[in-house]
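All chains are named by letter (A, B, ...) in the order of the sequence lines, taking the proteins before the strands, and each is independently numbered beginning at 1.
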Amino acid sequence: MAEQANDLMEKLVSLCKRRGFIFQSSEIYGGLNGCWDYGPMGVELKRNVKEAWWDSVVRQRDDMVGLDCSIIMNPKVWEASGHVVNFNDPLVDCKGCKARFRADKVYHVVFFENGNPVHAAWVEADDEQSAGREAFNRANSKTRRRMQLHQEGGRFETEIRRVDRLPSDVKALCPLCGHELTQPRKFNMMFKTYVGAMEDSSSIAYLRPETAQGIFANFKNVIDTSRMKLPFGIAQIGKSFRNEINPRNFTFRSREFEQMEIEFFCHPSQADQWYAYWRDARFQWYLSLGLRSEKLRLREHEPAELAHYAKGCADVEYAFPFGISELEGIANRTNYDLSQHAKFSGKDLSYFDEETKERFIPYVIEPSAGADRATLAFLCEAYAEDEAPDENGAMQKRIVMRFHPRLAPIKVAIFPLVKKDGMPEKAQAIYAACKKASLSAFYDEKSAVGRRYRRQDEVGTPYCVTVDGQTLTDDTVTIRDRDSLKQERIKASEVVRYVQERIGAGGM
RNA sequence: GCGGGCGUAGCUCAGUGGUAGAGCGCCACGUUGCCAACGUGGAUGUCGUGAGUUCAAGUCUCAUCGCCCGCUCCA
């Protein structure tokens with residue numbers, strides 16, 4: 001099972017490279033961990049995902065507006081948001097008493113007598129010397145006395161190791177309660193950079209770890225200029241950056257990634273119902289674009305999982321080959337973010353309701369989706385192997401990407417059956433008409449038509465139009481369906497409309 | 001971060017210290033004419049990278065980068 005899943009992921013990664021969906025970033029230089037590039041097919045697919053999202057949450061609604069913020073913002077934004085904490089210190093947490101220590105201040109001290117350990121202690125200390133002293137003080141009186149007696153002569157040896165330099169098989173324990181400690185970790189995953197010519201502490205800035213804070217920072221601007229009234233939302237698509245300790249699973253956890261985020265502002269008394277609304281609406285969006293319900297699930301967080309400011313959170317999860325993982329989180333963040341920014345900026349970020357004459361800081365519902373994760377889910381969902389007959393009627397294995405037509409990188413491919421008798425010219429004319437209608441189209445006259453069909457199957461093109469001998473007499477063409485392999489004969493002039501009707505609205 | 005596996009053509013992979021290979025794909029020409037056709041010809045390699053051992057390294061050693069798996073982590 002796990003092997004099969006792994007197999008599927010490998011096939012998908014291979015196809016993504018082979019057909020130009022996704023490449024390793026800077027591959028010719030050996031790549032870069034956690035970074036990926038979208039090739040000619042991948043960029044179309046991902047754009048379609050983002051377009052479908054934007055259309056659904058902005059264009060089709062009258063209670064949503066868009067925004068596009070800068071990636072580098074005033075660093076105070078990240079102080080207010082809570083992203084700047086414990087900047088350089090790796091930390092360990094006690095799994096028992098929840099105490100938090102700097103990893104370079106916790107030591108493991110072992111005293112050996114003639115090579116045998118006689119006393120061991122976990123201590124919090126500033127350096128090795130004081131760690132040794134502290135450990136000594138914790139030893140029982142008998143051991144202390146023996147050690148004092150035999151200070152000279154090498155009978156006793158002391159081993160002192162800092163907790164962040166322990167071998168992995170040694171479990172670190174809490175100096176206070178003795179429960180297990182977590183691995184040392186840096187909580188700050190923000191990429192740091194410098195703004196301006198001088199690289200000093202006053203010029204430090206960060207690449208945003210999420211797009212959301214740009215929305216909060218612009219809340220007042222949007223209120224003041226857009227005539228939007230509560231309840232309403234602001235949507236943004238953009239790159240975010242997290243210095244993940246361990247990027248994994250193809251594009252799923254990347255260091256540079258793209259988010260599709262909504263902050264929906266409402267009166268505190270309506271927050272629960274808007275939370276439920278967005279949670280369900282966002283789940284439906286994935287279903288509507290072809291993720292199967294049995295692979296998709298909505299998981300409501302347990303109260304214990306919630307961040308201290310959140311009143312509710314649900315994840316939209318997808319059963320990837322590598323495991324069930326999160327595509328999107330929908331959270332009721334209360335008025336935490338706006339309050340924080342009001343506090344740190346000194347600006348009034350409250351909202352005045354003209355009708356009720358009430359002034360309050362709005363609650364916010366945050367549906368936060370990963371564009372790359374959604375794209376990866378659509379890729380996984382689309383990948384299929386089936387059988388199609390060859391020219392002799394024998395069944396051959398076929399690889400086909402069954403994208404929802406709206407997401408397919410190429411909507412329609414146009415072929416002349418053979419490269420003569422004016423068929424290429426006729427096919428070119430249809431191709432031009434498709435392009436003029438803003439359909440993503442592809443023209444191919446190379447090699448046998450069967451091979452051309454299969455090539456389009458591998459990139460998930462839903463429709464293939466073939467100009468044949470009959471076209472030259474009655475101006476009809478065959479149009480072939482990717483999934484059923486069935487062909488219909490339609491008028492050449494109907495191709496654009498035929499395809500448009502089947503790929504859904506939005507002129508994509 | 002720790003442990004394990006892997007890295008050779010666009011893809012999948014073979015390659016015993018001694019001339020760099022196969023299948024598929026790709027390109028050209030011809031034939032065929034609706035589902036990965038056939039024939040002929042052709043192009044494509046920093047053997048992940050860098051050191052070292054050796055007369056000689058794709059092959060052995062070390063380091064490093066990347067990918068995959070497991071643990072850990074994901075405020």
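Positionally, the nearest nucleotide of RNA chain B for A/Arg455 lies more toward the 5' end than for the other of A/Arg455 and A/Arg255.
For B/rA36, the OP1/OP2 oxygens have a side-chain nitrogen or oxygen of A/Arg454 closer than 4.0 Å. In this model, the phosphate group of B/rG25 is approached by a side-chain N or O of A/Arg451 to a distance below 4.0 Å at OP1 or OP2. Dashed line: the shortest gap from a side-chain N or O of A/Ser14 to OP1 or OP2 of B/rU12 is under 4.0 Å. Taking side-chain N and O atoms only, A/Arg19 has no distance below 4.0 Å to OP1 or OP2 of B/rC26. Listed pair A/Asn249 / B/rC67 fails the phosphate criterion, with no side-chain N or O lying under 4.0 Å from OP1 or OP2.
Contacts of A/Ile28 with the nucleic acid, taken as non-hydrogen atoms under 4.0 Å apart, include base atoms. Residue A/Gln456 is classed as having no contact, given no heavy-atom separation below 4.0 Å to the nucleic acid. A/Gly34 comes within 4.0 angstrom of sugar-phosphate atoms only, judged by non-hydrogen atoms across all strands, and of no base. Looking at heavy-atom distances under 4.0 Å, A/Arg248 makes contact with a base. Using a 4.0 Å heavy-atom criterion, one finds that A/Arg480 contacts the bases of the nucleic acid, with or without backbone contacts as well.
For the contact set between residues 481-498 of chain A and RNA chain B, defined by any heavy atom under 4.0 Å, the members are A/Leu485, A/Gln487. Residues from residues 413-433 of chain A with heavy atoms under 4.0 angstrom of RNA chain B, sorted by number: A/Leu417, A/Val418, A/Lys420.
Closest to the side chain of A/Tyr453, out of B/rG33, B/rC2, B/rC34, is B/rC34. Closest approach to the A/Lys17 side chain among B/rG66, B/rC34, B/rG10 is made by B/rG10 (side chain taken as heavy atoms from C-beta onward). Among B/rC34, B/rC11, B/rC69, the nucleotide with an atom closest to any side-chain atom of A/Arg18 is B/rC11.
With salt bridges taken as basic N to acidic carboxylate O contacts below 4.0 Å, one links A/Lys50 and A/Glu258.
Under the Watson-Crick or G-U wobble criterion, with both distances below 3.5 Å, B/rG39 is paired with B/rC29. Look at B/rG7: its Watson-Crick or wobble partner, with both distances under 3.5 angstrom, is B/rC65.
Side-chain contact annotation: A/Gln470 with A/Asp474, donor-acceptor N/O pair under 3.5 Å present.
For the pair A/Arg282 and A/Trp278, the NZ or CZ position fails the cation-pi test of under 6.0 Å to the six-membered ring centre and within 45 degrees of the ring normal.
In this structure, A/Tyr286 and A/Leu327 have side chains that are in contact, with non-hydrogen atoms separated by less than 4.5 Å.
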